[in-house]
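A quick note: this is a predicted structure, and the numbers were derived from the prediction, not measured. Numbers here simply count residues along the sequence, with the first being 1.
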Amino acid sequence: MNKVVLITGASSGIGKKTAIEFAKHNHNIIIHYLSHEKEALNLCEELKTTYKIDTLCIKADLTKEEDIITMTNQIEKKFQKLDIIVNNAGIALDTIFENKTKKDFLKTLETNLIAPFLISKYTKELMLKSKSGSIINVTSTNGIDSYYPYSMDYDASKAALNNLTKNLAVELSPYIRVNAV
């Protein structure tokens, strides 16, 4: 049976390339998107046609917990399981320190940190059905040693995501592997 892979922020860029690579290995792909519907739907159709796999496109605002719950329910309804998650969706709202707002800082944290936490929380049962799974959090060297004041909110979110990854790896072992790339 084909593995089922959820890739957030998959309508373009790294997410799209990741989806194509997993499809080449005969995995069923769930394409998450927020604002690029046409690109996401085209990618789902392209993957289905080219690689003869099953796909699902899901629009969800990952800053809304109810959207993550709905997305999880859609995955369970269609596939009854989930093998791999690539938490790729992320934002950077670069601006000078004086212009940074609490609202923008929180949006960055909600997208880059809290969404991967909630996705892991709500999908873990789908992974535990087969007693295996892998969560891959896409992070950045900015969370380790890069200092760029325009993106201090992004840097902080990626540093926290690195720490979250370590904690989830302990919490979800031995059945679910959690790594950062």
Side-chain angles (χ1 to χ4, degrees), residues 3-22 25 27 29-35 58 60-65 67-69 71-72 75 82-97 99-128 130-181:
K3 289 190 176 187
V4 178
V5 183
L6 165 64
I7 304 162
T8 65
S11 62
S12 64
I14 293 170
K16 179 178 179 177
K17 297 287 187 192
T18 302
I20 292 168
E21 287 303 313
F22 276 113
H25 294 288
H27 298 324
I29 307 295
I30 302 155
I31 301 294
H32 158 267
Y33 69 97
L34 177 59
S35 57
I58 299 176
D61 182 343
L62 299 182
T63 67
K64 296 181 179 175
E65 189 170 8
D67 279 18
I68 293 171
I69 293 168
M71 179 173 70
T72 302
I75 294 166
L82 183 59
D83 299 291
I84 301 168
I85 300 168
V86 180
N87 283 311
N88 171 69
I91 61 167
L93 303 173
D94 292 349
T95 187
I96 61 173
F97 177 70
N99 292 342
K100 286 207 176 285
T101 65
K102 177 181 177 181
K103 181 180 176 184
D104 288 345
F105 205 103
L106 288 172
K107 183 175 182 176
T108 301
L109 291 176
E110 287 175 341
T111 304
N112 298 355
L113 173 65
I114 297 170
F117 163 74
L118 291 173
I119 290 166
S120 301
K121 177 180 177 174
Y122 289 116
T123 60
K124 75 179 171 67
E125 294 304 322
L126 288 174
M127 293 183 156
L128 289 174
S130 57
K131 293 193 176 188
S132 74
S134 179
I135 299 171
I136 303 161
N137 292 323
V138 178
T139 186
S140 171
T141 57
N142 284 35
I144 300 169
D145 61 7
S146 295
Y147 304 101
Y148 183 61
Y150 281 24
S151 64
M152 63 178 60
D153 47 346
Y154 176 83
D155 297 355
S157 72
K158 294 302 183 172
L161 183 59
N162 290 334
N163 193 281
L164 176 69
T165 299
K166 293 174 190 176
N167 281 284
L168 286 174
V170 172
E171 178 67 25
L172 299 175
S173 71
Y175 299 116
I176 300 172
R177 292 177 319 282
V178 186
N179 294 289
V181 296

Any chance you could measure [X], atom [atom1], to [Y], atom [atom2], to the nearest 0.5 Å?
{"X": "Ile85", "Y": "Lys124", "atom1": "CD1", "atom2": "NZ", "answer": "11.5 Å"}
{"X": "Ile135", "Y": "Leu172", "atom1": "CD1", "atom2": "CG", "answer": "5.5 Å"}
{"X": "Tyr122", "Y": "Phe117", "atom1": "OH", "atom2": "CZ", "answer": "8.0 Å"}
{"X": "Ile30", "Y": "Ile84", "atom1": "CD1", "atom2": "CD1", "answer": "10.5 Å"}
{"X": "Leu82", "Y": "Met127", "atom1": "CG", "atom2": "CE", "answer": "4.5 Å"}
{"X": "Thr63", "Y": "Leu109", "atom1": "OG1", "atom2": "CG", "answer": "12.0 Å"}

Compare all side-chain heavy atoms of [X] with those of [Y] and state whether any distance is below 4.5 angstrom.
{"X": "Ile58", "Y": "Ile75", "value": "yes"}
{"X": "Ile136", "Y": "Thr18", "value": "no"}
{"X": "Ser120", "Y": "Asn87", "value": "yes"}

For [X] and [Y], work out which heavy atoms get closest and say how close.
{"X": "Ser11", "Y": "Ile31", "result": "N-CG2, 4.4 Å"}
{"X": "Ala60", "Y": "Met71", "result": "CB-SD, 4.4 Å"}
{"X": "Leu164", "Y": "Leu113", "result": "CD2-O, 3.9 Å"}
{"X": "Thr123", "Y": "Thr72", "result": "CG2-OG1, 3.6 Å"}
{"X": "Asp83", "Y": "Ser130", "result": "OD1-OG, 4.0 Å"}
{"X": "Leu118", "Y": "Glu65", "result": "CD2-OE2, 3.8 Å"}

For [Y], is there any backbone N or O sitting under 3.5 Å from a side-chain donor or acceptor partner on [X]?
{"X": "His32", "Y": "Gly9", "answer": "yes"}
{"X": "Thr139", "Y": "Val181", "answer": "no"}
{"X": "Lys158", "Y": "Val138", "answer": "yes"}

Fill in: Counterpart residues, ring pair (Phe, Tyr, Trp, His ring centres under 6.0 Å), relative to Tyr150 (two or more places apart)
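Tyr150 satisfies ring pair (Phe, Tyr, Trp, His ring centres under 6.0 Å) with Tyr148 only.
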Who pairs with Phe22 by ring pair (Phe, Tyr, Trp, His ring centres under 6.0 Å), at least two apart in sequence or on another chain?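 Listed in chain order: His27.
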*asked:* Among residues at least two apart in sequence or on other chains, which ones pass side-chain hydrogen bond (donor to acceptor under 3.5 Å, both in side chains) with Thr165?
replied: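 So Thr165 forms a side-chain hydrogen bond (donor to acceptor under 3.5 Å, both in side chains) with Asn137.
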Show every side-chain hydrogen bond (donor to acceptor under 3.5 Å, both in side chains) that has at least one partner inside residues 102-116, sequence neighbours left out.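 Only Thr101-Asp104, Thr108-Asp153, Asn112-Ser157 qualify under side-chain hydrogen bond (donor to acceptor under 3.5 Å, both in side chains).
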What residue pairs, at least two apart or across chains, pass side-chain hydrogen bond (donor to acceptor under 3.5 Å, both in side chains) with a residue in residues 166-181?
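Residue pairs with at least one partner in residues 166-181: Asn163-Asn167.
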- Message: Heavy-atom count check: over 12 atoms from other residues, nucleotides or ligands less than 6.0 Å from Ile20 CD1?
- Response: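 Result for CD1/Ile20: enclosed.
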Next on the checklist: The criterion is salt bridge (charged side-chain N to carboxylate O under 4.0 Å, His left out); which residues satisfy it with Asp67, sequence neighbours excluded?
Outcome noted: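 Here no residue qualifies.
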